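The block underneath contains the structure these notes are about, expressed in structure tokens.
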Amino acid sequence: EILGNNISIRFNENQCGNFSIYVTSVVDTGNIQVKDTSLWIFKTGKVTINSVVFSEIMADPSPKVGLPDYEYIELYNTSECAINLNQLFISVGTKQIQLPNYILESNQYVTLISEDARAYYSDSIFCFLPFWQSLANEGQVLSLQTLKGVIISQVLYSDTWYQSNFKKNGGWSLEKIDIHNYSEISEN
């Protein structure tokens with residue numbers, strides 16, 4: 001769409017990915033040809049229900065079992081589009097934290113962890129949060145919400161899900177078995 005001296009390009013809200021735009025043979029009102037140019041645009045996807053889900057929860061890292069002593073929450077992008085996590089809040093109990101600018105690619109994982117753990121983890125699959133909310137060892141509600149408050153994923157985890165008194169005492173995470181099963185029950 002051309003509006004005065006501006007060209008407007010609108011994308012369908014469901015479109016995502018890399019787009020190339022080529023501008024050629026443009027002549028201004030003084031009949032002077034504008035230099036040909038090209039633009040590359042990367043558009044992330046729209047957050048929808050279950051487009052990002054909880055895949056692993058480390059609520060009680062002590063005693064250490066092969067990993068540093070830090071709690072974490074792992075997320076998985078189930079959608080066909082990359083998603084910018086800055087579109088989301090994570091709620092831990094009653095505390096809400098807006099997630100930072102982090103592009104989570106389609107069908108990929110990211111681990112949310114305290115900024116304090118940066119010295120132990122440097123891989124790009126970690127998203128370090130400056131304000132970490134401690135997780136309850138026995139369980140609590142975790143939810144991902146849009147900036148408008150729409151819940152896209154939620155889980156009420158419990159330490160009974162370990163199904164082992166040994167693992168219940170710390171150092172083990174709860175990991176989702178079937179990432180595309182959104183029921184959030186202990187069997188998964």
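The figures here come from the full heavy-atom set of this structure, side chains too, leaving out hydrogens, waters and symmetry mates. Bear in mind the structure is a predicted one, so any value in this text is a computation, not a measurement.
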Step-by-step side chain to side chain contact (heavy atoms under 4.5 Å, CB included) determination, Tyr157 to Gln140: CA-CA 6 Å; Tyr157 70 92; Gln140 69 187 144; 3.6 Å; yes
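- Counting only distance, with no hydrogens or angles, the side chain of Gln98 and the backbone of Asn86 share a donor-acceptor pair below 3.5 Å.
- Here the closest heavy-atom approach between residue Asp178 and residue Asn188 is recorded as N-OD1, 2.8 Å.
- A chain of hydrophobic side-chain contacts below 4.5 Å, direct or via other Ile, Leu, Val, Met, Phe, Trp or Tyr residues, connects Ile97 to Leu104.
- Of the possible donor and acceptor atoms, one in the side chain of Asn169 sits under 3.5 Å from a partner among the backbone N and O of Asn165.
- Hydrophobic clustering of Ile, Leu, Val, Met, Phe, Trp and Tyr side chains at less than 4.5 Å, counting indirect connections, unites Phe126 with Tyr120.
- Between Leu99 and Leu129, the closest side-chain pair of non-hydrogen atoms falls below 4.5 Å.
- The shortest distance between side-chain heavy atoms of Asn101 and Asn84 falls below 4.5 Å.
- If you check the side chains of Thr24 and Asp36, you find no donor sitting under 3.5 Å from an acceptor.
- Between Ile125 and Tyr109, the closest side-chain pair of non-hydrogen atoms is not below 4.5 Å.
- Linking Ile, Leu, Val, Met, Phe, Trp and Tyr residues whenever their side-chain heavy atoms come within less than 4.5 Å places Val34 and Leu39 in a single cluster.
- Counting non-hydrogen atoms of other residues, nucleotides and ligands closer than 6.0 Å to NZ of Lys46 gives a total of 12 or fewer.
- Counting heavy atoms from C-beta outward, Ile90 and Leu142 have side chains that stay 4.5 Å or more apart.
- Two residues are said to be in side-chain contact when any heavy atoms from C-beta on lie closer than 4.5 Å; Ser158 and Ser186 fail this criterion.
- Panel note: side chain Thr146, backbone Lys148; a donor-acceptor pair is recorded below 3.5 Å.
- Using the six-membered ring where Trp is involved, Tyr182 and His180 have ring planes that are perpendicular, over 60° apart on the 30 and 60° scheme.
- Separating the CG atom in Leu112 from the CG atom in Leu75 is a distance of 4.5 Å, to the nearest 0.5 Å.
- Ile152 and Val53 fall into different hydrophobic clusters, where Ile, Leu, Val, Met, Phe, Trp and Tyr side chains are chained together by heavy-atom contacts under 4.5 Å.
- Residues Tyr72 and Glu56 come closest through the heavy atom pair OH-OE2, 2.7 Å.
- When all heavy atoms of Ser134 and Val92 are compared, the closest pair comes out as O-CG1, 3.8 Å.
- Neither Tyr70 nor Phe131 shares a network with the other; the hydrophobic side chains, linked directly or stepwise wherever heavy atoms of I, L, V, M, F, W or Y lie under 4.5 Å apart, form separate groups for each.
- The distance from the CG atom of Leu174 to the CD1 atom of Ile73 is 11.5 Å, given to the nearest 0.5 Å.
- Looking only at side-chain heavy atoms (C-beta outward), Val155 and Lys176 stay at 4.5 Å or farther from each other.
- Minimum interatomic distance between Ala117 and Phe128 (heavy atoms only, all atoms of both residues): C-CE2, 4.0 Å.
- Checking side-chain atoms of Glu71 against main-chain N and O of Leu135 turns up a donor-acceptor pair under 3.5 Å.
- Applying the 6.0 Å contact sphere to CD1 of Ile21 captures more than 12 heavy atoms from other residues, nucleotides or ligands.
- Smallest separation of non-hydrogen atoms from Gly45 and Ile83: O-CG1, 4.3 Å.
- Distance check: Cys81 SG to Asn107 CG gives 10.5 Å after rounding to the nearest 0.5 Å.
- Under a cut-off of 6.0 angstrom, the local environment of CZ in Phe42 is crowded, with over 12 non-hydrogen atoms contributed by other residues, nucleotides or ligands.
- Distance alone, capped at 3.5 Å, places no donor-acceptor pair between the Asp159 side chain and the Asn137 backbone.
- With rounding to the nearest 0.5 angstrom, the CH2 atom of Trp132 is 7.0 Å from the CD1 atom of Ile113.
- Here the closest non-hydrogen pair linking Phe89 and Gln96 is CB-CG, 3.9 Å.
- Within the 4.5 Å cutoff, the side chain of Glu184 has heavy atoms near those of the Ser153 side chain.
- Between the CD atom of Glu138 and the NZ atom of Lys168 there is a distance of 8.5 Å, given to the nearest 0.5 Å.
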Full working for side chain to side chain contact (heavy atoms under 4.5 Å, CB included) between Met58 and Thr111: CA-CA 10 Å; Met58 173 58 92; Thr111 302; over 6 Å; no
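- Inter-residue side-chain proximity for Phe54 and Leu144 is flagged as met; some heavy-atom pair is nearer than 4.5 Å.
- At least one donor-acceptor pair under 3.5 Å links the side chain of Thr78 to the backbone N or O of Asn50.
- Ser143 and Gln145 share a donor-acceptor pair across their side chains, judged by distance under 3.5 Å alone.
- Expressed to the nearest 0.5 Å, how far CG of Leu88 lies from OH of Tyr102 amounts to 13.5 Å.
- Between Trp40 and Tyr22, the ring planes are perpendicular. Angles over 60° get that label, and only those under 30° would be called parallel.
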